[in-house]
Amino acid sequence: MDFRFDIIIEYAPFFLRGLLLTIGVSIAAIISGLILGLIIGLGKMSTNRLIRLPFAWYINFFRGTPLVVQILLVHFGVMPIFFAQPSATVSLIVSLSLNSAAYVAEIFRAGIQSIDKGQMEAARSLGMTHAQAMRYIILPQALKRMIPPFANEFIVLIKDSSLGLVIAAPELMYWGRAAQGQYYRVWEPYLTVAFIYLLLTLSLSKLLHYLERKYSTQ
């Protein structure tokens, strides 16, 4: 097979630009998804059915519909309400954050509910409020159990950022597609993109495994 390294060399600055954007988008979506996911997860655990219902349907919608459809809805439907010329990058961050929040919410819910109820009762018997018991007793224990599912979710989120291609967000996959369109070559651009994504996900996986081992011994 005639593998043209000159295409990779020519597009190296664009791949680097796409990589930086992919990392930035992923970090922003992970942070937003964690904050939203915690709120949604706690809302779904409410004993009040009227409070619980909208959070439950939020999770159902974002877990039950394709992410690519959500990206298109956000970019062409929601963002034009607020901006005359929506940014594809911002739309991608918003879409990934909303989608990730639904999965993170379920991780939080499962992690919190895995803690024995006696822990909450003991904290309340010591005079703590429900919020204090959650903050100081329940969540620290639950977070250790959430690290493996968080790792899976974050790795999926990084790979899903490639769907920004459908709204022309200039992330890594966008430049791979550009190189393929210019030279009508498949292997060079897409193998390069695949290799970079592999490095990203393996690095994150190693980091989270390290954190998992560290906190499991404490």
Side-chain angles (χ1 to χ4, degrees), residues 8 11-41 58-59 61-63 65-76 78-79 82-83 86-108 110-111 143 146-180 189-212 214-215:
I8 299 173
Y11 266 83
F14 300 107
F15 286 139
L16 177 60
R17 190 185 305 173
L19 170 64
L20 294 176
L21 187 75
T22 295
I23 293 173
V25 164
S26 300
I27 291 174
I30 287 171
I31 294 172
S32 305
L34 279 174
I35 296 170
L36 281 175
L38 177 59
I39 296 170
I40 295 166
Y58 177 96
I59 294 171
F61 177 81
F62 281 98
R63 295 182 70 191
T65 57
L67 176 57
V68 66
V69 175
Q70 296 164 21
I71 292 173
L72 293 172
L73 282 173
V74 168
H75 186 61
F76 295 110
V78 177
M79 297 303 279
F82 303 100
F83 305 101
S87 161
T89 302
V90 174
S91 295
L92 180 60
I93 292 173
V94 171
S95 305
L96 291 176
S97 301
L98 294 176
N99 179 272
S100 180
Y103 290 91
V104 169
E106 285 295 84
I107 295 172
F108 272 120
L143 282 172
M146 295 175 197
I147 291 176
F150 275 149
N152 291 331
E153 170 57 21
F154 295 158
I155 288 171
V156 169
L157 190 146
I158 289 174
K159 291 188 292 183
D160 283 348
S161 68
S162 63
L163 292 174
L165 175 73
V166 299
I167 56 173
E171 42 70 50
L172 194 53
M173 190 64 192
Y174 172 89
W175 292 111
R177 179 77 174 274
Q180 187 268 328
Y190 291 144
L191 274 181
T192 304
V193 169
F195 179 70
I196 296 172
Y197 272 114
L198 185 62
L199 283 180
L200 275 179
T201 54
L202 284 179
S203 300
L204 181 62
S205 180
K206 291 288 184 186
L207 173 64
L208 290 169
H209 282 158
Y210 166 75
L211 292 176
E212 184 182 353
K214 179 180 178 181
Y215 288 107

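In this chain, numbering begins with 1 at the start of the sequence shown.
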**Report entry** By side chain to side chain contact (heavy atoms under 4.5 Å, CB included) - contacts of Val156 (at least two apart)
**Finding:** Asp160
**Report entry** Which residues share a side chain to side chain donor-acceptor pair (under 3.5 Å) with Ser161, sequence neighbours left out
**Finding:** none
Report task. Evaluate the side chain to side chain contact (heavy atoms under 4.5 Å, CB included) criterion for residues Phe108 and Leu143: first the C-alpha distance (whole Å), next the side-chain angles of each, then the deciding distance (0.1 Å), finally the verdict. Result -> CA-CA 8 Å; Phe108 272 120; Leu143 282 172; 4.0 Å; yes
Report task. List in chain and number order the residues that pass side chain to side chain contact (heavy atoms under 4.5 Å, CB included) with Leu36, two or more places apart in sequence or in another chain; answer none if no residue qualifies. Result -> Ile40, Leu98, Ala101
Query raised in the report: Within a strict 4.5 Å, meaning less than it, do heavy atoms of the Thr192 and Ile196 side chains meet?
Result: yes
Report task. Take Leu96 and Leu67, measure what side chain to side chain contact (heavy atoms under 4.5 Å, CB included) needs, and give me the verdict at the end. Result -> CA-CA 8 Å; Leu96 291 176; Leu67 176 57; 3.9 Å; yes
Report task. Report the residues that fulfil salt bridge (Lys or Arg N to Asp or Glu O under 4.0 Å) with Arg177, sequence neighbours left out, ordered by chain and then residue number. Result -> none
Query - Any donor-acceptor pair under 3.5 Å from Thr201 side chain to Leu198 backbone - result: yes
Report summary line: Sorted by chain and number, sequence neighbours left out, side chain to side chain contact (heavy atoms under 4.5 Å, CB included) with Pro13 holds for none
Report summary line: Closest non-hydrogen atoms of Gly111 and Met146, given as atom of the first, atom of the second and distance, are CA-CE, 3.9 Å
Query raised in the report: Could you walk me through whether Trp175 and Val193 pass the side chain to side chain contact (heavy atoms under 4.5 Å, CB included) check?
Result: CA-CA 9 Å; Trp175 292 111; Val193 169; over 6 Å; no
Query raised in the report: Taking only residues two or more places apart in sequence, or in another chain, which ones meet Tyr197 in a ring-ring contact (aromatic ring centres under 6.0 Å, His included)?
Result: none
Report task. State, yes or no, whether a side-chain contact exists between Leu72 and Ile167 at a heavy-atom distance under 4.5 Å. Result -> yes
Query raised in the report: In terms of the angle between their ring planes, are Phe150 and Phe154 parallel, tilted or perpendicular, with boundaries placed at 30° and 60°?
Result: parallel
**Report entry** Pairing residues for Glu153 by the salt bridge (Lys or Arg N to Asp or Glu O under 4.0 Å) criterion, not counting sequence neighbours
**Finding:** none
Report summary line: Taken to the nearest 0.5 Å, the spacing of Ser205 OG from Leu200 CG works out to 12.5 Å
Query raised in the report: Just how far is it from atom OH of Tyr11 to atom CD1 of Ile8, taken to the nearest 0.5 Å?
Result: 12.5 Å
Side-chain donor-acceptor distances from residues 19-33 under 3.5 Å, at least two apart:
residue, atom, partner, partner atom, Å
Thr22, OG1, Gly18, O, 2.9
Thr22, OG1, Leu172, N, 3.1
Ser26, OG, Thr22, O, 2.7
Ser32, OG, Ala28, O, 2.9

Report task. Check Glu171 against Leu92 and note the closest heavy-atom contact, atom names and distance. Result -> CG-CD2, 4.3 Å
Report summary line: Nearest heavy-atom contact between Ile71 and Ser95 is CA-OG, 3.5 Å
Requested in this report: Quick one: list whatever passes side chain to side chain donor-acceptor pair (under 3.5 Å) with Thr65, sequence neighbours left out.
Outcome: Gln70
Query - Residues that Tyr58 engages under ring-ring contact (aromatic ring centres under 6.0 Å, His included), provided they are two or more places apart - result: Phe62
Report task. Only counting residues at least two apart or in another chain, list the ones meeting side chain to side chain contact (heavy atoms under 4.5 Å, CB included) with Val78. Result -> Phe82
Query raised in the report: Any idea which heavy atoms bring His75 and Ser91 closest together, and the distance?
Result: ND1-OG, 2.8 Å
Query raised in the report: Under 6.0 Å from the CZ atom of Phe195, do we count more than 12 heavy atoms belonging to anything else shown?
Result: no
Requested in this report: Can you see which heavy atom on Thr89 is nearest to which on Pro170, and at what distance?
Outcome: OG1-CD, 3.8 Å
Query - Residues which pass side chain to side chain donor-acceptor pair (under 3.5 Å) with Tyr103, listed by chain and number, not counting sequence neighbours - result: none
